[in-house]
Every structure is written in C-alpha cells, then in structure tokens.
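Any value given below was found using the heavy atoms of this structure, including those in side chains, with hydrogens, waters and symmetry copies removed.
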Amino acid sequence: MKKFSTIVSIIIILGIIYWSFSDLKPSLNTDKNVSKTAFSIENALFHLKNISKEAHYTGAKEHKKVQNYIVKELKKMGLEVEIQTQTAINKKWLAATTAENIIAKIKGTTTGKALMLLTHYDSNPHSSLGASDAGSGVVTILEGIRAFLAKNQTPKNDIIILITDAEELGLLGAQAFVDTHTLTKDVGLILNFEARGSGGPSYVLMETNGKNSNLLSEFIAAKPNFPAANSLMYSIYKKLPNDTDLTVFREDANINGFNFAFIGDHFDYHTAQDSYERLDRETLLHQADYFTTTLNHFSNCNLENLNSDEDFVYVNFPFIKLLSYPFSWVTPMLIACVIVFLLLLFFGISLNKIAVKNTLRGFIPFLVALILCGGISFSLWKLLLVIHPQYNDILHGFTYNGYTYITAFVFLNLWILFTIYKRTSKVEKPVNLLIAPIFFWLIINFIISIYLKGAGFFIIPVISALLILAVSIFMDLEEKTKRILCTILSIPTIYIFAPLVKMFPVGLGLKILFVSALFIVLVFGLMILSFHQKKSFWTQKWSAILAIIFFGIATYNSDFSIENKKPNSIVYIQNSDDKTAYFGTYNTTLDSYTEQFFNGDFTKGSIQNAETKSKYNTRFTYHKKTAFKNIASSEIITEMILSLVKNTL
C-alpha cells in the first residue's frame, strides 16, 4: 500500500507537469475547415513558404522580393502601403544603413492613440532563411489582419502596421521610423512579434519605462488562451540590455508595448536551419492566439495612458491562467508566512510532532543536496564540454540534444536527492525534514522582497508547504493518505516550477543547468513527505536507470548531421588604413570547411586592434592574415540643417 501511494503521487506529479506545459502552448488542430473570419494556419504557412525560400537580409536580391510580396498581400486587403526609405544610425550598435520600412494603416472611428502591430522582414546575414525570425511575425500579421478585416468591423483605434527593415543590423528600421516618421507621435501601444528559436511556447515580455499594472490588467482582459508569462522574466528583462525593435520605441519615444517571442529550438536561431520546415506549427498557432486576442481587445480600448505607478507580480497558475497581485503585497505575505511558520513550529513542538534535534538534523541532507546537485550539475556540464568539444561551437550554448540533456540532468538530480535522503529514511517523524526547506525558502523570499520583487510568486510554494506542515501537525492520517494529500497540496508548486526547470537552460544555455538543479532541490525539499519512504527507495533506482538511459541517448546524438548542421563562422576583417586583412573564426574545433581558411600558420586568439565579438560576446578563437581585397569603405555624412526664424515685432 505504501508503494501504491507513492505510485499515485508520482502519477499526480507527472500529470501536473504535463498540465503545466500543455497550458503554455496550443495543440495543432487537424481541422482545415476554418471560417473566413478566423486565423488560418494554412494561409499563414503559405505566406511563410513564399518569403523564406532564400536568405533575405538587407541588401540581398531576395530581400526586395520579400518586400514586394508583403506589399502585394497588404494591398490585396485594400490597404494603402507606404515604403519609408530612410537612412538610420544606431550609435548603441555602431550600425547604419538605409532601411525600407513597410507601413500600412487601418483607420479607426476615434481620434485617440493608435495600436501598432510590429515585426521585421529582413533575415539575419548571411545564411539565415528567416522563417521564424521574423517570418513567423510577418505571416502572423498578414493572416491575422486578413481575418480581422473579414469581420467588416471598424475598430475604435487606428491600427498601424509596421514591418521594419534592417532589424538584424541594429534595429535600424525601427530607429528610422521613430526618428523621422510623423506617425510615431500617434502610437499608444505596440504589439511586437519576434523569435529567438524555431519552437516552444511564446513568452510575453512587457516593455515599459514605468510600471506594469495597467498593461498587465489590459493584457489579462484580452483573454489570451495560452498566456506564458511571469514577473520574474519581466524583472530580469528590465535589467538586461534589451534588443528588439520595441526597445527603440520605448527608449526613444516612451511608448509601451508587448514582445511575444519564442525561444525553443534555439539551435536554429540565425542559421540556415531557420526554415519553413523546422518552424513548430503549434508555436505559430501560439503567436496567432496572442495576435487575435490582443488585437480584438486593444483596437477597441483606451490607449491614451497605459502608464502605471504600481508593479504587479504575476505567474501562470492552475485554472486561472495568470495569478497577479501588487508588488506591495510581497513583504506582507512574507511576514504572514513567517508568523504562521513560527506558530506551526510552536504547536508542532508542543504536540510532540516536531523534535528540535531531528529538525536541526534535517538541515544536513537539504544543504548537502543543494551543494551536491548544484555543484555536480555545473561540473558535469564542464566535463561534457571537454568530452564533446564540438559543443563549444554552438555559441548560444543550447545543443541539438539539449532537451535530452535537461531530462538526463533532472533524473540525475533526483537520484542524488533520493540517495541523500535514503540516509534519513529511519527518521521517526519525517515532518522534521520539512522544516529546513521551508526555512530556506523564507530566506530566499526575504532576499526577493528587497532585490527582485518580480519573483514574489516564490512565496506560493511556501504557502503550500505551510499547509502540508499544518496537516502533519494537526491531522493524524495514515502515511499513504498523507502522502497523496501532500502531493495534491503541492500542485501549485509543481505547476509553476516545472516549466522553469526547462526554460532557463533553453533560453540561457545548458551552462545554466545548475540553476535547474537548485530549483529541483528546493521543490523536492518542500515535497519531501510525498517522496519519503522508510524502507524501499525504488524511486532511487529508477532515477539512476533513467538518468543513464538519457545520458546515453544524448551521447549517441552528440554529433552533427545533415539535419543538425554544425555552425561555422568565417569573418573577413579589413583595415583600410594600413592595407591589411585577416580571417577570423569563433569556432574552437576546425573542420574541412574552416580549414580551407585556417591551413598552415594561424594565430590563436583575437586580432589586435580589431576587437570584434559575436552576438554572444565571444572573441575570435583563431585568426590568420590574408590578402587585402580593398573593399570600399562606407561613407556616412550627417547633415544638419539650421532653420533661422526671424521674428518681426
């Protein structure tokens, strides 16, 4: 019966994990009979196939073809289209070009602020096909607008469609629009559709110079069916050097907006593999859901002032999709939890349910687990980079077998946890093992309340754990019943944190696997009464077996292939002053392609006085002097026109 209750608990946990992920992204509907006023993924994919046949970076021949295609489709809908041709300079990115933005407008019934729909149509130089980044945004807008216009309903607000050029060169199309176009002053809110991979859920990131409560309230009112968002991402994003077109509008024109961007399958980003075939169809549907729900809402609501004087905590939550509450609640909630924790300790000791000595001993396995799981995960990934040096050539750090590695590390950390806690299996009252995790979670929430209130939802697992502690103190239940009840009370914790275990290494690279390991230990600690067994730790054995299996699968799939190409880099650097030129590469392992340039004598490291670096802030690993090609240098002339106005009295 004890094993039965453990099996039931594991089934519940697996069900909640599946639920937490399925709520983040729609499933593909096989029914192709879609009404004319609904978004058709078939129509969107038709457009995508046409605009992602070849690389279409700014200046390429295919770039003009893609521009003409988009203009033609907008005109088919009866829209007047403007091509804004404007030279722009972005000092932050040290970039300049003449961009050609595509602009259209749907007239509303009022004279208030307009809603802008934003994406870009250029692909990354020089090989990317740009299907996801940002062909997915282009086709979402094209098909979404077609469906919207098919309703024959005039919106209250003007709708400005801006499909920018030269985003990949340094947000230059957006810079050109903000600096010179008269429509900038009319914009009240921006919906920007982007990609940093070719699959996975699309995450919502708000951009604002102020605070988020009004933006969040209106977003929730739009009723998106699959909102993937939390205020931890919002708070971290505000601290990072952001780099989307929307950033230019926020920084230079103080306009609020939403980024809708997906980061899964990061290995396709900015490569020839960013293709029509590899774009996740469910991810495109997710973008479509955001587009249709937010367009219907924001095209008809007041956009005059979405600024706020208060920030909200928000996070995905069972049944209600997004749970939200003010930042001002973070500290009071923490104080309340501390008081409840102390009261439960008092009653637990008084009722002889908690022993101080055993409670103190409970800190040992928890601390050991934190150190070992975090340390082993960090060190093991470093070791894997030595065993598989080709992984270093994937600069963003997420390998083709990355999802397999995440799974393997999850089971490895579970095996470590079960092994450590097996030593405590003879504890007379397992509830003593719950005190240390709650204590550490309270410390974490104290730090959050001071430095990172966007992570204020970390108090929710504490509340669940306090309920579990109260049940253990005040209710005399059979072990099997208590185990299942404790698992049920942990549903919010699992639902919130399971996606985070995957999201961090996907978005930031597998070097962050140790962060996922720490999350696993923290959550496991609060759920110890669901896992603790006095006799057989069969879960320990299966965790080890599954870890070995998934590490084996990852190793088997560690090499590059036709479907999973090796990313190579060759950069030509020319110094027009001293008539010298070099080839540089970010690759750490040379192959038959890069060896064409780096044969014979070459130098390790970067080129002196040419501190070129990749998007991921890495320097050249090798460089070699080569023939000077005498490529003409760009000439940029900035003209200042002074207007003298003579006032006559």
Side-chain angles (χ1 to χ4, degrees), residues 24 108 112-119 137 155-160 162 174 178 184-194 201-240 242-262 286-287 289-317 320-330 452-457:
L24 295 181
K113 288 289 187 179
L115 173 67
M116 174 176 280
L117 308 175
L118 178 65
T119 191
K156 290 183 180 179
N157 302 321
D158 289 351
I159 299 172
I160 299 169
L162 173 60
V178 171
T184 301
K185 67 180 185 307
D186 298 332
V187 180
L189 181 71
I190 298 173
L191 307 178
N192 184 38
F193 295 85
E194 261 288 5
S202 178
Y203 294 101
V204 184
L205 291 167
M206 284 180 276
E207 284 233 21
T208 174
N209 290 324
K211 298 185 178 180
N212 70 24
S213 59
N214 287 343
L215 285 169
L216 179 65
S217 297
E218 292 296 341
F219 176 71
I220 293 173
K223 298 181 180 179
N225 294 298
F226 303 92
N230 65 67
S231 48
L232 173 58
M233 290 192 296
Y234 163 77
S235 292
I236 293 175
Y237 188 74
K238 290 195 75 171
K239 296 177 184 294
L240 295 175
N242 308 320
D243 57 354
T244 71
D245 278 340
L246 178 51
T247 307
V248 177
F249 284 87
R250 176 182 59 80
E251 291 181 343
D252 295 353
N254 194 30
I255 299 173
N256 297 319
F258 294 91
N259 283 311
F260 303 101
F262 47 96
H286 198 185
Q287 293 289 69
D289 181 75
Y290 283 136
F291 184 91
T292 53
T293 54
T294 55
L295 175 60
N296 290 336
H297 179 74
F298 287 115
S299 63
N300 289 293
C301 74
N302 187 356
L303 304 179
E304 288 294 331
N305 186 11
L306 289 173
N307 294 320
S308 313
D309 56 7
E310 185 176 30
D311 268 323
F312 270 34
V313 174
Y314 56 96
V315 69
N316 291 107
F317 200 78
I320 63 174
K321 296 181 180 177
L322 277 180
L323 171 70
S324 65
Y325 53 87
F327 271 24
S328 58
W329 288 18
V330 171
L452 193 65
K453 288 191 176 181
F457 59 84

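- Of the possible donor and acceptor atoms, none in the side chain of S299 sits under 3.5 Å from a partner among the backbone N and O of P155.
- Side-chain contact of T244 with E194: a donor-acceptor pair under 3.5 Å is absent, judged by distance alone.
- Salt bridge R250/E207: present, at least one basic N to carboxylate O contact under 4.0 Å.
- Side-chain atoms of N157 and N300, non-hydrogen and from C-beta on, never get closer than 4.5 Å to each other.
- In terms of modelled atom types and a separation under 3.5 Å, the side chain of K113 and the main chain of K185 share a donor-acceptor contact.
- Ring-centre distance between F258 and F219: below the 6.0 Å cut-off.
- Tested against N256 for a side-chain hydrogen bond (donor to acceptor under 3.5 Å, both in side chains), the candidates N305, T208, N212 yield a single pass: T208.
- Under the ring-ring contact (aromatic ring centres under 6.0 Å, His included) criterion, Y290 pairs with F260, H286, sequence neighbours left out.
- In this structure, the side chains of D289 and P224 come closer than 4.5 Å at one or more pairs of heavy atoms.
- Among residues two or more places apart in sequence or in another chain, the side-chain contact (heavy atoms from CB on, under 4.5 Å) test is passed with A114 by D158, I160.
- Using a 4.5 Å cut-off on side-chain heavy atoms (C-beta onward), L306 and E218 make contact.
- The shortest non-hydrogen separation linking S202 to Q287 is OG-OE1, 2.6 Å.
- Remark: aromatic rings of F193 and F291 are close, center separation under 6.0 Å.
- Across every non-hydrogen atom of F457 and S231, the tightest pair is CD2-OG, 3.9 Å.
- Here the closest non-hydrogen pair linking L118 and L246 is CD2-N, 4.0 Å.
- Side-chain atoms of Y203 and N259 form no donor-acceptor pair, as typed in the model, at a separation below 3.5 Å.
- The shortest heavy-atom contact between N316 and A228 is OD1-CA, 3.8 Å.
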